[in-house]
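We name chains A, B, ... by the order of the sequence lines, and we start the count at 1 in each one. Heavy atoms only: backbone and side chains are in, while hydrogens, waters and symmetry mates are out.
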Amino acid sequence: MAQRKTKTKELDALLDAIDAAGNAEEFEVEGHKIAVSNLNKVLWPGTADHEPVTKRDYIRYLVQVSEYLLPHLKDRPLTLIRYPNGVEGKKFFQKHWEHKKPEFVDTIMLYSEHSKSDGEFITCSNVATLVWLGQLADLELHTTHTRTNPEPDGKKLGTTFTGSVANIDSSLMNYPDFVVLDLDPYMYSGKEKKGEEPELHKEGFEKTCEIAAALKENLDKLNVEAFVKTSGRTGLHIYVPIVRNIEYDMVRSIAEVIGRHLLKQHPKEVTMEWSVSKRTGKIFFDHNMNGRGKTLPSPYSARNSVEATISTPVDWKELPKIYPTDFTIWNVPKRLEKKGDIWSDILEHKNNMEKLKKTTE
DNA sequence: TACAGGG
DNA sequence: CCCTGTAACAGCTTT
DNA sequence: AAAGCT
């Protein structure tokens, strides 16, 4: 297994223990005991391109990437998507943990309009929790686009997340710290069964990379930092870090404006159509994942799908460079002062939205 | 996967 | 004891 | 209203 060294001796020792373990074992992680089972169970079946990936491989992988992954999970309520019988078996979503939970697992209370009450949500703030999530066969880690920590840019926002929707609305949980621009190829290989999503194939992924590169270039020219990353199975995400001044609704409509702009630039290659048949042969731009919904965390927020990093081949040599996800603060109000292109559209849209809000109030 | 509940 | 069920979910678009 | 889609 390549690249198994991490920054710390403790994690390296844990990796060794994972390698040496039998099918079931108890690990010591950061001073906590974690029981794991079925380490030899295949979670991703083997293909022509890769060997089968077992639960052992998966947990090892989580430990290896923990120093990169944890900073992005920290302070963000989670939605788990669990696949106890592997990616081809039945999956289920989970936000709450009703059972006994280990003492190292942190949670946060949030109000949900759906249940009309406060609920306890899981967060992941340490390696032990990451291993525990691996044991639960949680193959997808979805987070809110918001952080519960006000530092460094959210000090004016509310820190009460319980009691009412109004409390959520005025709190940090209504102010995302990034925009996500989602690009998915609807280019079929021809081997898909009827009604199936397009499978991953080279031409579709290449085209997505081209469009993503064009979009990133737009943003680069405006001095807006953006980061391209593989997403679900076949597509790419572009993350634009923002200062927390804009509510979910506004972030969503800004993503839409960016999409319309991209669509104008590449009408033959990009689509924002609802119906799948009309998307065929094009790259689908989805702005809706920037929305919030009445319950948190929003299930749309697929930010840390580990499945993606395993199933998407990023090493096709001739493809445009894929940028690692990284986050720095992009100051929206300052950038919005810039004229031209996308930003005049966004600025106009933002003003219109605010006018609309005033007239409907 | 982990657990509760019913037969 | 074994078997089965449950663990989320809202909003948007189109017909 | 219902179904399709993420």
Side-chain angles (χ1 to χ4, degrees), chain A residues 23-25 34-43 54-56 58-59 62 77-87 89-102 105 107 110-117 119-122 129 131-145 165 168-169 174 180-186 194-198 231-235 237 247-249 251-253 255-256 259-260 271-280 282-303 305 308:
Chain A
N23 195 45
E25 199 82 39
I34 305 176
V36 293
S37 62
N38 294 322
L39 290 177
N40 296 330
K41 189 167 191 171
V42 173
L43 296 180
T54 63
K55 197 157 126 183
R56 181 194 311 276
Y58 176 56
I59 292 176
L62 289 175
L78 288 177
T79 299
L80 317 183
I81 305 184
R82 296 176 55 192
Y83 298 73
N85 294 303
V87 287
K90 260 209 190 126
K91 66 177 173 188
F92 62 92
F93 290 67
Q94 191 162 28
K95 292 183 176 185
H96 311 285
W97 187 260
E98 308 291 336
H99 314 301
K100 226 181 278 171
K101 79 175 92 54
V105 176
T107 60
L110 294 179
Y111 182 81
S112 161
E113 176 73 352
H114 179 68
S115 58
K116 306 268 184 209
S117 63
E120 194 177 28
F121 290 78
I122 297 166
T129 303
V131 172
W132 177 70
L133 292 170
Q135 164 59 20
L136 296 179
D138 174 27
L139 303 190
E140 293 181 47
L141 298 147
H142 294 235
T143 69
T144 54
H145 297 194
V165 176
I168 290 279
D169 284 346
N174 199 26
V180 57
L181 310 170
D182 179 27
L183 295 169
D184 285 316
Y186 274 76
K194 221 164 79 183
E196 259 182 8
E197 292 273 288
S231 59
R233 268 183 327 118
T234 61
H237 283 173
E247 298 177 20
Y248 263 105
D249 274 356
V251 173
R252 182 178 167 279
S253 54
E256 181 176 0
R260 301 272 170 234
T271 176
M272 293 177 79
E273 287 290 344
W274 163 81
S275 92
V276 167
S277 61
K278 285 185 183 166
R279 293 178 194 163
T280 302
K282 297 185 173 181
I283 312 298
F284 176 54
F285 181 104
D286 182 12
H287 62 282
N288 278 324
M289 14 164 45
N290 291 288
R292 188 193 77 182
K294 287 181 181 168
T295 58
L296 292 161
S298 153
Y300 282 130
S301 47
R303 195 152 89 84
S305 169

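Residue A/Arg279 has a polar side-chain atom (N or O) positioned under 4.0 Å from OP1 or OP2 of D/dT6. Contact annotation: A/Tyr186 reaches the phosphate of D/dT6 (side-chain N/O to OP1 or OP2, under 4.0 Å).
The CE atom of A/Met272 sits 12.5 Å away from atom NZ of A/Lys282, with the distance rounded to the nearest 0.5 Å. Considering OG1 of A/Thr54 and NZ of A/Lys41, their distance stands at 12.0 Å, rounded to 0.5 Å. The CG atom of A/Asp184 sits 8.5 Å away from atom CD1 of A/Ile283, with the distance rounded to the nearest 0.5 Å.
In this structure, A/Lys90 reaches neither bases nor backbone, as no heavy-atom distance under 4.0 Å exists between it and the strands shown. When heavy atoms are screened at a 4.0 angstrom cut-off, A/Lys101 is found touching no nucleic acid atom at all. Using a 4.0 Å heavy-atom cutoff across all strands shown, A/Asp138 reaches no nucleic acid atom at all. Residue contacts for A/Gln135: at a heavy-atom cut-off of 4.0 Å it reaches the sugar-phosphate backbone alone, with no base atom in range.
With rounding to whole Å, A/Met289 atom CE is found 13 Å from D/dC5 atom C1'. Between the CD atom of A/Glu256 and the C1' atom of C/dG11 there is a distance of 13 Å, rounded to whole Å. In this structure, the CD atom of A/Glu140 is 18 Å from the P atom of C/dA7, given to the nearest Å. Atom-to-atom, CG of A/Asn288 to C1' of C/dC12 comes out at 6 Å; the value is rounded to the nearest Å. Atoms CZ (A/Arg292) and C1' (D/dT6) sit 18 Å apart, rounded to a whole Å. One can place CZ of A/Phe284 at 17 Å from P of D/dG4, the figure rounded to the nearest angstrom. In this structure, NZ of A/Lys278 is placed 11 Å from C1' of C/dT15, rounded to the nearest angstrom. In this structure, NZ of A/Lys91 is placed 20 Å from P of C/dG5, rounded to the nearest angstrom.
The outermost nucleotides of DNA chain B lying under 4.0 Å from heavy atoms of chain A, listed 5' to 3', are B/dT1 to B/dC3.
Listed nucleotides: C/dA7, C/dC9, D/dG4. Nearest to the side chain of A/Gln94: C/dA7. Nearest to the side chain of A/Asp286, among D/dC5, D/dT6, C/dA7, sits D/dT6. Nearest nucleotide to the A/Val276 side chain, out of D/dT6, D/dG4, C/dA7: D/dT6.
C/dA8 sits 16 Å from B/dC3 when the P atoms are compared, rounded to a whole Å.
The shortest distance between side-chain heavy atoms of A/Leu78 and A/Leu133 falls below 4.5 Å.
Remark: of the listed residues A/Ile34, A/Val105, A/Leu62, A/Val105 is the sole one forming a side-chain contact (heavy atoms from CB on, under 4.5 Å) with A/Thr129.
Between A/Arg292 and A/Asp169 there is a salt bridge, with a side-chain nitrogen of the basic residue lying less than 4.0 Å from a carboxylate oxygen of the acidic one.
Here C/dC2 sits opposite B/dG6 as a Watson-Crick or G-U wobble pair (both hydrogen-bonding atom distances under 3.5 Å).
The aromatic rings of A/Trp97 and A/His99 stand perpendicular to each other, their planes meeting at an angle above 60°, with 30° marking the opposite boundary.
Checking A/Glu140 against A/His142 by side-chain atom types alone, a donor-acceptor pair falls below 3.5 Å.
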